Amino acid sequence: MIEAIVGGLSGLVAGFTNLQWSNVVMMAIGCVLLYLGIKKDFEPLLLVPIGFGCIMVNIPLSGLMEKDGFLRVIYDMGVITEIFPLLIFVGIGAMTDFGPVLENPYTFLLGAAGQFGIFLTLLLALALNFPYKEAVTIGIIGACDGPTVIYVASQYARNLLGPVSVAAYSYMSLVPVLQPPIMRMLTTDKERRTVMKTHKKTVSKTTKILFPIVITIVGGLIAPKGLPLLATIMLGNLMKESGAVARLTKAAENEISNIVTLLLGISIGATMDGPLFVQPTTLIVLALGLIAICLDTVFGVLFGKILYVVTGGKVNPLIGAAGISAFPMSARVVQKEGQKYNKKNYLLMHAMGANAGGQVGSVMAAAVMLSVLKGMGLI
């Protein structure tokens with residue numbers, strides 16, 4: 001009887017006795033993510049479920065990520081099958097207005113320039129002896145686009161899914177902190193004060209409807225391996241612009257996106273198990289991801305400076321920072337920075353064009369890299 005009681009009491013404290021230092025570290029990180037999401041309002045829709053999922057999975061003996069465990073079922077159902085990131089893209093497409101980029105097509109170039117960090121980080125990861133698939137996945141962090149990172153990692157580098165996902169979403173939420181110093185460092189006071197005139201052009205409904213169709217066909221032919229990424233975001237945009245399926249558009253924007261974001265967040269958190277996550281490789285991945293996003297901002301602003309010169313000072317180089325895929329956060333950062341130096345500066349619509357171009361650019365960058373992998377026989 002006494003032995004049974006002792007055995008029962010030992011079961012009550014089994015969680016404490018099996019707790020490893022790495023579990024404690026990860027639970028602390030989970031709390032930091034919750035703090036950033038709740039107190040600082042940094043991407044709360046993502047960081048709150050990620051942080052809580054991280055805490056849950058680091059409680060020993062819970063069995064959440066074992067076969068048929070609560071988190072394992074969600075993870076296998078939506079992340080491993082790539083369903084969650086693709087559904088998120090449908091929602092993003094339904095919420096994205098490509099009008100600004102169609103009004104000013106040159107902003108597409110800023111969106112392309114904002115992807116250079118991806119390829120430079122890929123080369124850096126290869127130089128550090130990461131396998132090609134892992135290097136591609138690390139480079140994609142520079143897209144500052146969580147769903148794209150998750151899609152690539154779930155297919156080709158599942159061992160890095162946790163680190164690259166956390167890096168992508170964490171750095172995306174920190175765009176208001178990371179970008180301004182780079183923008184100020186690379187531009188002059190005169191450039192930052194540049195007022196861009198808004199020439200409102202009428203983009204026909206037909207053009208807006210044809211845009212996602214044409215981009216899907218052309219992009220798919222260029223890089224067919226990345227078609228799921230490109231096609232889903234364009235499907236969402238087509239539903240929005242056509243006006244023929246308002247109920248589906250509303251569902252994609254709200255109910256579907258909200259539910260999938262919740263499930264995706266806790267699934268990412270579930271990959272942050274202490275003994276597996278707290279490794280030197282994780283720190284290297286996080287550092288490379290930071291480099292990628294900073295380089296994207298650098299090249300976007302530098303290309304903005306080129307446009308400033310070519311146009312005779314009519315383009316404010318700050319809008320180049322919006323060429324990354326952090327939509328619409330980086331566009332807001334550009335507007336805020338522009339206003340600091342000139343109260344008459346209204347850069348938001350121009351920056352939104354670059355930001356929308358970056359959204360397409362990041363997906364195309366991933367599609368091209370996946371197609372190159374396919375061509376090399378690596379996938």
Side-chain angles (χ1 to χ4, degrees), residues 22-59 62 64-65 69-89 91-92 137-138 140-141 143-154 157-178 256-279 281-283 285-287 289-290 292-293 325-327 329:
S22 57
N23 294 128
V24 177
V25 170
M26 292 312 299
M27 283 194 279
I29 291 176
C31 290
V32 171
L33 295 178
L34 290 176
Y35 173 79
L36 293 175
I38 297 171
K39 185 68 175 179
K40 296 298 184 180
D41 199 32
F42 288 168
E43 289 296 304
L45 294 180
L46 293 167
L47 293 191
V48 170
I50 290 175
F52 202 78
C54 177
I55 292 172
M56 286 195 294
V57 80
N58 279 286
I59 296 176
S62 62
L64 293 175
M65 280 298 281
F70 167 56
L71 293 180
R72 172 60 68 179
V73 171
I74 297 174
Y75 177 81
D76 289 344
M77 174 184 67
V79 177
I80 296 302
T81 61
E82 299 103 36
I83 295 298
F84 285 169
L86 294 180
L87 287 177
I88 289 287
F89 264 125
I92 291 174
T137 305
I138 293 169
I140 291 294
I141 298 173
C144 212
D145 187 343
T148 301
V149 171
I150 294 169
Y151 178 84
V152 176
S154 63
R158 292 180 185 175
N159 58 308
L160 295 182
L161 182 60
V164 296
S165 301
V166 171
Y169 281 116
S170 298
Y171 294 147
M172 184 169 66
S173 68
L174 293 174
V175 160
V177 177
L178 297 175
I256 294 176
S257 290
N258 290 336
I259 293 171
V260 174
T261 298
L262 170 62
L263 297 178
L264 182 61
I266 60 176
S267 297
I268 295 171
T271 65
M272 299 169 67
D273 182 41
L276 299 176
F277 196 91
V278 182
Q279 302 286 342
T281 300
T282 300
L283 296 178
V285 169
L286 294 174
L290 180 61
I293 290 176
S325 186
F327 186 89
M329 283 177 295

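The structure presented is a predicted model; accordingly, all values stated were derived computationally and were not measured.
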Side-chain donor-acceptor contacts of residues 28-41 below 3.5 Å, not counting sequence neighbours, with atom names and distances?
none

Show me the donor-acceptor pairs within less than 3.5 Å that the side chains of residues 48-59 make with the rest of the protein, sequence neighbours left out.
| residue | atom | partner | partner atom | Å |
| --- | --- | --- | --- | --- |
| N58 | OD1 | N23 | ND2 | 3.0 |
| N58 | OD1 | G274 | N | 2.6 |
| N58 | ND2 | C54 | O | 2.8 |
| N58 | ND2 | M272 | O | 2.9 |

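The side chain to side chain contact (heavy atoms under 4.5 Å, CB included) search around T282 returns P163, F277, Q279, L286, not counting sequence neighbours. Partners of T271 according to the side-chain hydrogen bond (donor to acceptor under 3.5 Å, both in side chains) rule, which considers only residues two or more places apart in sequence or in another chain, do not exist here. Remark: S165 pairs with I150, L161, I268 by the side chain to side chain contact (heavy atoms under 4.5 Å, CB included) rule, at least two apart or across chains. Partners of A292 by side chain to side chain contact (heavy atoms under 4.5 Å, CB included), not counting sequence neighbours, listed by chain and number: T121. Residues that satisfy the side chain to side chain contact (heavy atoms under 4.5 Å, CB included) test with L283, not counting sequence neighbours, are absent from this structure. Every residue meeting the side-chain hydrogen bond (donor to acceptor under 3.5 Å, both in side chains) condition with N159, not counting sequence neighbours, appears here in chain and number order: E134.
You'll find the side chain of I80 reaches within 4.5 Å of the side chain of R158, heavy atoms only. Taking the side chain as every heavy atom from C-beta outward, I138 and L160 approach each other to under 4.5 Å.
Listed by first and then second residue, the salt bridge (Lys or Arg N to Asp or Glu O under 4.0 Å) pairs that reach into residues 71-80 are R72-D76, sequence neighbours excluded.
Taking CG of L264 as the start and OH of Y75 as the end, the distance is 11.0 Å to the nearest 0.5 Å. One finds the OG1 atom of T137 at 12.0 Å from the OH atom of Y151 (value rounded to the nearest 0.5 Å).
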